[in-house]
Amino acid sequence: QLVESGGGEVQAGGSLRLSCAASARTFSTYTMGWFRQAPGKEREFVALVRWTGGGTYYADSVKGRFTISRDNANNAVYLQMNSLKPEDTAVYYCSASSYHYPLTANYYYTKPVAYGYWGQGTQVTVSS
């Protein structure tokens with residue numbers, strides 16, 4: 001089970017930190033991802049942190065502004081979002097993948113089908 005929190009409304013240029021609490025005892029074996037979905041659009045990849053080594057990967061649209069991190073001791077993953085823009089407005093979803101793709105295959109983690117577990121989502125609204 002994945003439970004997101006930390007969403008809300010913020011003005012452009014502001015920051016938010018999303019949290020995701022996981023209940024799996026084997027949390028450290030999952031690659032964790034954040035996706036988002038705006039009204040009328042498909043769910044899109046935002047960021048991931050790999051199951052081993054803590055390597056991260058970001059969508060070009062958020063690179064340099066968002067930071068994903070994980071705390072295996074507390075079964076949690078975070079998304080620090082800075083310099084927010086109105087186009088970041090969406091429902092943000094935490095997700096978990098049990099696949100162990102090699103480091104050179106991070107591309108596969110950018111697809112929703114790679115993730116078998118999803119949270120309920122948290123709304124992020126950025127006003128101009």
Side-chain angles (χ1 to χ4, degrees):
Q1 182 181 6
L2 302 173
V3 180
E4 302 98 335
S5 60
E9 184 168 355
V10 64
Q11 289 191 332
S15 299
L16 283 174
R17 188 190 192 214
L18 304 184
S19 298
C20 173
S23 59
R25 289 181 298 169
T26 56
F27 174 78
S28 64
T29 68
Y30 290 84
T31 285
M32 302 300 296
W34 286 97
F35 286 74
R36 65 187 181 187
Q37 189 167 17
K41 294 188 176 182
E42 293 187 353
R43 191 167 297 191
E44 66 171 355
F45 168 77
V46 174
L48 69 87
V49 55
R50 289 177 56 87
W51 62 281
T52 183
T56 58
Y57 188 74
Y58 297 92
D60 287 343
S61 59
V62 307
K63 203 172 294 182
R65 300 188 297 122
F66 291 10
T67 302
I68 188 172
S69 60
R70 67 188 300 160
D71 180 350
N72 288 338
N74 291 298
N75 284 11
V77 63
Y78 307 100
L79 186 68
Q80 177 67 44
M81 305 186 295
N82 299 328
S83 302
L84 283 161
K85 304 175 181 180
E87 51 263 44
D88 294 318
T89 295
V91 177
Y92 282 72
Y93 296 91
C94 175
S95 56
S97 173
S98 60
Y99 291 109
H100 291 168
Y101 297 122
L103 188 62
T104 54
N106 273 341
Y107 169 80
Y108 293 103
Y109 286 127
T110 69
K111 303 302 181 183
V113 295
Y115 296 82
Y117 305 93
W118 294 87
Q120 82 287 351
T122 186
Q123 177 70 46
V124 171
T125 302
V126 184
S127 57
S128 57

Cation-pi geometry met for R65 and Y58 (6.0 Å, 45°): no

Parallel, tilted or perpendicular: ring planes of F35 versus F45, cut at 30 and 60 degrees: perpendicular

Whether T122 side chain and S5 backbone form a donor-acceptor pair below 3.5 Å: no

Closest contact, heavy atoms only, S15 versus S83: OG-N, 4.4 Å

Within the 6.0 Å centroid threshold, strictly below: Y109 and Y101: yes

Minimal non-hydrogen separation, V10 against G14, with atom names: CG2-CA, 3.8 Å

Hphob cluster co-occupancy, Y108 + W118, side-chain heavy atoms under 4.5 angstrom: yes

Donor-acceptor contact present, side-chain Q80 to main-chain T67, <3.5 Å: no

Shortest non-hydrogen separation from T29 to H100 and the atoms involved: O-NE2, 2.8 Å

V91 reachable from V3 in the ILVMFWY side-chain graph, under 4.5 Å edges: no

Heavy-atom closest pair, residues W51 and T31: N-OG1, 3.0 Å

Parallel, tilted or perpendicular, as decided by the 30° and 60° cut-offs, for the rings of Y117 and Y30: perpendicular

Proximity of Y115 and Y93 rings by center, below 6.0 Å: no

Side-chain donor/acceptor of E4 to backbone N/O of C20, under 3.5 Å: no

Shortest non-hydrogen contact from S19 toward Y78: OG-CD2, 3.4 Å

Linked, directly or transitively: V126 and L16 (ILVMFWY side chains, under 4.5 Å): yes

Spacing of N75 atom CG and M32 atom CE [to the nearest 0.5 Å]: 9.0 Å

Cluster overlap L48 with V62, hydrophobic side-chain contacts below 4.5 Å: no

Any D88 side-chain heavy atom under 4.5 Å of R36 side chain: yes

CD on Q37 to CD on E42, rounded to 0.5 Å: 8.5 Å

Closest approach of S28 to R70 (non-hydrogen atoms, all atoms of both residues): CA-NH2, 3.8 Å

Inter-residue atom distance K85.NZ - S61.OG, 0.5 Å rounding: 8.5 Å

R50 and L103, any side-chain heavy atoms less than 4.5 Å apart: yes

